[in-house]
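So you know, we letter chains A, B, ... as the sequences are listed, proteins then strands, and number each from 1.
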Number of protein chains: 2
Amino acid sequence: MPVLYASRNLTECGDCPIRHRAVCAHCEKDELAELDAIKYYRSFEAGQVLVWSGDHMDFVASVVSGVATLSQVMEDGRTQTVGMLFPSDFVGRPGRDRAPYNVVATTDLVMCCFRKKPFEELMARTHNIGVRLLEMTLDELDAAREWMLLLGRKTAREKIASLLVIIAQRDASLKMCVPKGKVVFDLPLTREAMADYLGLTLETVSRQISALRREGLVSLEGKRHVTVPDFDRLQEVSGDDADGGFLA
Amino acid sequence: MPVLYASRNLTECGDCPIRHRAVCAHCEKDELAELDAIKYYRSFEAGQVLVWSGDHMDFVASVVSGVATLSQVMEDGRTQTVGMLFPSDFVGRPGRDRAPYNVVATTDLVMCCFRKKPFEELMARTHNIGVRLLEMTLDELDAAREWMLLLGRKTAREKIASLLVIIAQRDASLKMCVPKGKVVFDLPLTREAMADYLGLTLETVSRQISALRREGLVSLEGKRHVTVPDFDRLQEVSGDDADGGFLA
DNA sequence: TCGCGACCTTGATCCAAATCAAAGAACGGA
DNA sequence: TCCGTTCTTTGATTTGGATCAAGGTCGCGA
C-alpha cells in the first residue's frame, strides 16, 4: 500500500474547496477550465444511498468531505463493503453505464460531480486525464487486492488493526503528514459498517476493539474518537509488512 | 462478472497464435506493427515463479496458453491468491516499476511479452492503447471486488461452486461460447492453489468437492477433469445472482 | 424531563472450518 | 517393477468467530 498518498494524489483542482486526489492532477490550465465548467456539488446525509447497484450513473465525482462506502449485497442480504471513499477519492467509470455497487454515505458527505458525457468527451481529447484515471484505477486495484489478503487470511484482531491503520493513514494524508507515534482520529463508520468491510459480524468487531483497548493499543473517547498511543505497535498487530511502500 | 468475455475481449492480435484479450483490441494497422516489433514469447513450466513480489518488471504481457496466479504472501507464510490469469489476460502495469505480487505458473504457460519502455512510449503516442488498458483495469477491479464478496461472505461450499463457475466461464469463452447445460473442463489448479484463492485450507476444498460430487452437482474423472451435468444448478449453489451481467 | 430508537457492549452457546493425523492414488525416474 | 514424491482424500478433534440473547449508553424530539 502506498504510504504517502500526499505526494502523489493530493493536488489543487480548479476552485474546489479542498486539495484533492483529482482527475486533473496533470492537467493544463484550459483543461481545468473545461472541468470547472461541467462540475457541480452535491451534499448527502449520513446513511443516505447515493447510488444503487445497477442504477444508471450519469456522473463521475470526487469526494470533497465525508466518507462513503461501496458495497455489494447478496440476494439473502449478506453485505460486503468493497471500498471506502475518503476526501479526494474518485468514483465513477467513464465508458460504463451502470453502477456495479451501492454507494452509501457513512457520514455527511459533499461530492464534486462532473457530468459524464462531457467528462468523457474531455477525456477523449485530453491524454492527461486518461493517464490519471488509469493511475487511480491501478491504485484502487492494489487496494482491493490488499483487502483480499485481509479478507481471506487475516484474523479478526488483525483485520481490526488493519482498518484502524488505514483510516489513520487516510486521515493523516489529508493533513499532508504521515502517522507516527501518537495518532488521533475519528471513526467514520459504525461497528456494523466496519463489520461489513472486514467480513465479520458487528459483535466480533466490538469485542476485538474492546480487546485492543484492554491491552492499551488504542483508547476510545465515546464510541468514535480513537487515540493510538503507538502507531507502530498497532501496525505490527495488523500483520502487514512494516513497510509495504515498494508499490509507490 | 461479465458473462460474455467473448464479445468484448477476444480479438486478433497481429500474428499471435491465439485470439486474445489484447491490448491492441482497438488499434490501427500501424500500431499493431509497432506492437509486433517489441514483442517476444516466453515459456514456463508448471510451478515456476515468473516474477517475485517487489521485483523490477521490465515487461508487460498477455497469456497465450496456460494459467498463472497472482499471489500475496504474509511474513509468516499465509498466502492469498488475488487473481488468476487465463489465456488472453494481460499482466503488467505501465508506469509502475515493481511487481506488487508473485506471479506463478500453475500449468505450463506461454506468455506474449512486450518490452516495457517501448510499450509505454507507444502508449503515450497511441490513445487507443490507453483506453483499452483502462477498460481492462476496470474489468480486473470488478473481478477483484466480486472476489472480496466471496472471501468475506460466502460459505466454503459457495466458494467452491463460484470457482468452478468462473473456470467454466473462462474456459468456455476461449471456445467463443457460453456455458450452458452440461459443461466439461479441466481444473488448472491443485487443491492447495484453489484453497489459496478461496481463503480456505486444502482439506476444506477437498471435502467440499467431495460433497458436491456426492450430491451429483459435479463429477470428476481423475483429480482434475470435471463434468458439470447442470451448469445452472451449480451457479445457484455459488450464491451469485442468476444474471450479474449488468456490468457488461 | 422522559421515552424512544439507534448503537454498542458483553455473555453463553454453537458450528463451520481449521488443525492435526494418517492413509490412499498417480506418476516419473531408477 | 518398485520406490519416492507429490497430490488428494478422509477421519478426529479443536477453535475462532457466528449466533442468540440481554442490557447499557447516548442523543434527540415530544
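Using a 4.5 Å heavy-atom threshold, the side chains of L70(A) and R145(B) count as touching. Between M84(A) and L189(A), the closest side-chain pair of non-hydrogen atoms falls below 4.5 Å. For the pair E140(B) and D89(B), the minimum side-chain heavy-atom distance is 4.5 Å or more. A 4.5 Å side-chain heavy-atom check between L187(A) and I167(A) finds at least one atom pair inside the cut-off.
Annotation for S53(A) and P100(A): closest pair OG-O, 3.4 Å, computed over non-hydrogen atoms. Across all non-hydrogen atoms, the minimal contact from A195(B) to T201(B) is CB-C, 3.5 Å.
Atom CG in L151(A) sits roughly 15 Å away from atom C1' in dG17(D) (whole-Å rounding). Computed from coordinates, the R224(A) CZ to dA6(C) C1' distance equals 11 Å when rounded to whole Å. In this structure, CD of E45(A) is placed 15 Å from C1' of dC28(D), rounded to the nearest angstrom. If you measure from atom CD1 of I209(B) to atom P of dC7(D), you get 15 Å, rounded to the nearest angstrom. Distance CD (E192(A)) to P (dT19(D)): 13 Å, rounded to an integer number of Å. Atom CG of L202(A) is separated from atom C1' of dA21(D) by 13 Å (rounded to the nearest Å). Atom CG of L189(A) and atom P of dC8(C) are 10 Å apart (whole Å). One can place CZ of R191(A) at 19 Å from P of dT19(D), the figure rounded to the nearest angstrom.
Residue-level contact check: S206(A) touches the bases, meaning some heavy atom is under 4.0 Å from a base atom.
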Between protein and nucleic acid, restricted to nucleotides 24-29 of chain C and to nitrogen or oxygen atoms under 3.5 Å apart, what atom pairs and distances do you find?
none

Can you name the atoms? Protein N/O to nucleotides 17-20 of chain C N/O, anything below 3.5 Å, with the distance.
| from | atom 1 | to | atom 2 | distance (Å) |
| --- | --- | --- | --- | --- |
| dA17(C) | OP1 | A156(B) | N | 2.8 |
| dA18(C) | OP2 | T201(B) | N | 3.4 |
| dA18(C) | OP2 | T201(B) | OG1 | 3.1 |
| dA18(C) | OP2 | T204(B) | OG1 | 2.4 |
| dT19(C) | O4 | R207(B) | NH2 | 2.9 |
| dC20(C) | N4 | E203(B) | OE2 | 3.1 |

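For the ring-ring contact (aromatic ring centres under 6.0 Å, His included) condition, the pairs that include at least one residue of residues 163-221 of chain A, sequence neighbours left out, are W147(A)-Y197(A). Pairs engaging residues 62-86 of chain A under the ring-ring contact (aromatic ring centres under 6.0 Å, His included) rule: none recorded [sequence neighbours left out].
For the helix from dT1(C)-dA30(D) to dA30(C)-dT1(D), the end axes, each set by the C1' atoms of five terminal pairs, are bent relative to each other by 30° (nearest 10°).
Between K182(A) and T227(A), the side chains place no donor N or O within less than 3.5 Å of an acceptor N or O (distance only, hydrogens not considered).
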Side-chain donor/acceptor pairs under 3.5 Å, residues 214-222 of chain B, sequence neighbours excluded:
| from | atom 1 | to | atom 2 | distance (Å) |
| --- | --- | --- | --- | --- |
| E215(B) | OE1 | R157(B) | NH1 | 3.3 |
| E215(B) | OE1 | R157(B) | NH2 | 3.0 |
| E215(B) | OE2 | R157(B) | NH1 | 2.9 |

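Between the SG atom in C112(A) and the CZ atom in F59(A) there is a gap of 11.5 Å [rounded to 0.5 Å].
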